[in-house]
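Okay, so here's the structure we're looking at.
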Amino acid sequence: MRSYYRGKAALLALLLFACASSPAIRTAEVPVEVTQNHVYVPVTIGRHAPLWFLLDTGAQISAFAQTTVDALHLVPGETGQVRGAGPAVVETSVFHDVDLDVGGNAIHVGRIAGVPLTEPSLSEGRAIDGILGRSVIEQSVFTIDYERRALRFGDAAVPAGAVVVPVTFDARRPVIAAELTLADGRTLPMRLLVDTGAARAVVVNRPFAEKHHVYDSLPLEGPFSVGIGGPSRQRMGRAKRFAVAGFTFDAPVISASLDRAGATAIGEIDGLIGGEILRRFTVTLDYARGRLLLAPNAALHEPFEADMSGAGFKAADLKFDRILTRYVLPHSPASEAGLQEGDEIVSVDGEHVSVQRLRAFFGEPGKRYALRVRRGGREFDAEIVTRRLV
């Protein structure tokens, strides 16, 4: 969900973000939800019921979803533009001096954007009510405990077994060093954005991928992720190895961007390290000290897998009770079953399921599923037999 402002208004916004401050944040812990490796934090605005905000270290700004703006009848101070993972630039509203309550702490943000998050929400299969980005994260020490589904902040203690990783900042984005070994044996040092807003293990930016011929070993191509600015087209496959902070991961599933615009089209950094790696640790974000702390958890040595249907799915609308096919890869189980983009998945093995559960079904090889499909007012049966595609 990476995003940034453009032009002179952008520079002013970033300066105001940096100057905004809150009273000292007390140590607290709040429960979070984890969906698709994304961390969702309950946030209260005024006297309204808590909303679920995505904690996104890749976002230079914090933001309200436009649906939140509309529901809370918020009045913007001005307008601007924003761009994220997708290639398109989108119009945004800007709000001034907002207090967010997180875990009983009032966190003040000098400026916060209102952005359209409907398409990312549909792809996620759940509402994204807003984004907690740099302007919030820089105000305290945040520790994401993926295993316990908890977020701690205001505590600078180093977790047991944690490795300290130096962080530099490129245009306010947290960057760390890592190494990627491709299938052909070449090892490439990389500067990677730490991005809790990205679900995948590693995404290589287009300029780096072109320079080092990363695409050659990645067989699948499709619009694999959706962010602010629309779908991001990528090639996907397996690397031989990925190493960061002394930890080594064999056969990770990685992707390389094909986009000519957007966050993964820039050359200043080489790519990003996302949730499929980060979830294997308790992650402490300590921007004031320029460090990231990684303490391995029980998921450290889990194998890397990818979708085994060859199709992407999304909710049909913000009720999240209907599922549509977002894309179908050629020569995949989904295409062999006759699925097409836009098909509605009515049921799986006779049961109505959510987007998240459907993805979980298609995460194991050799499984056979009976689908009821609706297309153009007509229903028919289809059968998918999953297999590894990478």
Side-chain angles (χ1 to χ4, degrees), residues 1 22-45 48-59 62-63 99-109 121 124-165 167 174 176 194-201 244-245 247 273-289 291-302 354 356-357 360:
M1 308 299 173
S22 301
I25 296 178
R26 64 179 176 83
T27 300
E29 180 174 294
V30 296
V32 300
E33 296 181 357
V34 180
T35 304
Q36 288 280 97
N37 297 328
H38 293 143
V39 177
Y40 289 91
V41 183
V43 174
T44 302
I45 304 168
H48 298 279
L51 300 167
W52 290 96
F53 278 49
L54 172 68
L55 183 67
D56 189 352
T57 56
S62 297
D99 289 317
L100 307 176
D101 185 297
V102 184
N105 282 290
I107 298 179
H108 181 79
V109 183
S121 293
E124 189 85 330
R126 63 164 295 159
I128 305 172
D129 296 318
I131 296 171
L132 300 180
R134 169 78 191 233
S135 56
V136 170
I137 298 169
E138 68 186 359
Q139 296 191 36
S140 184
V141 177
F142 284 77
T143 296
I144 307 167
D145 191 331
Y146 286 91
E147 195 168 38
R148 295 180 53 247
R149 300 290 196 267
L151 177 70
R152 297 190 297 275
F153 47 95
D155 182 2
V158 178
V163 172
V164 179
V165 186
V167 174
I176 62 174
V194 179
D195 194 352
T196 58
R200 300 197 179 278
V244 61
F247 299 98
I273 176 172
E276 183 57 25
I277 294 288
L278 298 174
R279 72 171 184 85
R280 298 159 191 265
F281 299 91
T282 296
V283 178
T284 299
L285 309 165
D286 190 352
Y287 286 5
R289 295 175 178 84
R291 64 182 187 173
L292 179 77
L293 308 178
L294 298 178
N297 61 30
L300 182 66
H301 298 298
E302 289 184 359
S354 65
Q356 288 89 2
R357 192 170 180 198

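Source: prediction; values computed, not measured. Hydrogens, waters and symmetry mates are skipped; everything else that's a heavy atom, side chains included, is used.
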Original post:
Quick check: does any side chain N or O of Thr284 sit under 3.5 Å from a backbone N or O of Leu292, one acting as donor and the other as acceptor?
Top reply: no
Subject >> Heavy-atom check, side chain of Asp286 versus side chain of Leu293, under 4.5 Å >> reply: no
**OP:** Could you give me the CA-CA distance, side-chain angles and deciding distance for Asp129 and Val43, then say whether side chain to side chain contact (heavy atoms under 4.5 Å, CB included) is met?
**Re:** CA-CA 9 Å; Asp129 296 318; Val43 174; over 6 Å; no
Subject >> From Ser140 atom OG to Arg152 atom CZ, the distance as rounded to the nearest 0.5 Å >> reply: 12.0 Å
Original post:
Is Arg126 close to Tyr40 at the side-chain level, that is, under 4.5 Å between some pair of heavy atoms?
Top reply: yes
Original post:
What distance do Leu55 atom CG and Ile144 atom CD1 have between them, rounded to the nearest 0.5 Å?
Top reply: 4.5 Å
Original post:
Where do Pro42 and Pro50 come nearest, in terms of heavy atoms and distance?
Top reply: CB-CB, 4.5 Å
**OP:** Start with the C-alpha gap between Tyr146 and Val39, add the side-chain angles, then the distance that decides, and say whether side chain to side chain contact (heavy atoms under 4.5 Å, CB included) holds.
**Re:** CA-CA 8 Å; Tyr146 286 91; Val39 177; 3.6 Å; yes
Subject >> Closest non-hydrogen atom pair between Ala295 and Ala160, with its separation >> reply: CB-O, 3.8 Å
Subject >> Distance, nearest 0.5 Å, that separates CG of Asp99 from CD1 of Ile107 >> reply: 10.0 Å
**OP:** Can you measure from CZ (Phe281) to OG1 (Thr143) and round to the nearest 0.5 angstrom?
**Re:** 14.5 Å
Original post:
What residues form a side-chain hydrogen bond (donor to acceptor under 3.5 Å, both in side chains) with Asn297, not counting sequence neighbours?
Top reply: none
**OP:** Step by step, work out the side chain to side chain contact (heavy atoms under 4.5 Å, CB included) result for Phe153 and Val30.
**Re:** CA-CA 9 Å; Phe153 47 95; Val30 296; 4.3 Å; yes
**OP:** Working to the nearest 0.5 Å, report the span between CD of Glu33 and NE2 of His38.
**Re:** 14.0 Å
Subject >> Derivation of the side chain to side chain contact (heavy atoms under 4.5 Å, CB included) call for Thr282 and Glu147 >> reply: CA-CA 8 Å; Thr282 296; Glu147 195 168 38; 5.7 Å; no
**OP:** List the atom of Asp101, the atom of Gly103, and the distance in Å for their closest heavy-atom pair.
**Re:** OD1-N, 3.9 Å
Original post:
Which atom names give the shortest non-hydrogen contact between Thr57 and Asp195, and what distance separates them?
Top reply: OG1-CA, 3.3 Å
Subject >> Gap separating the OG1 atom of Thr196 from the CD1 atom of Ile273, nearest 0.5 angstrom >> reply: 11.5 Å
Subject >> N/O donor-acceptor pair under 3.5 Å between Ser135 side chain and Val109 backbone >> reply: no
Original post:
Are any side-chain N or O atoms of Arg279 and backbone N or O atoms of Ala299, one a donor and one an acceptor, separated by less than 3.5 Å?
Top reply: no
**OP:** For residues Ile131 and Ala59, report the shortest heavy-atom separation together with the two atoms involved.
**Re:** CG2-CB, 3.9 Å
Original post:
So which heavy atom on His108 is nearest to which on Gln139, and how close?
Top reply: O-NE2, 2.8 Å
Original post:
Of the options Val136, Leu51, Asn105, Val41, which is the one that meets Leu100 in a side-chain contact (heavy atoms from CB on, under 4.5 Å)?
Top reply: Val136
Original post:
Do any N or O atoms from the side chain of Gln356 and from the backbone of Glu124 form a donor-acceptor pair under 3.5 angstrom?
Top reply: yes
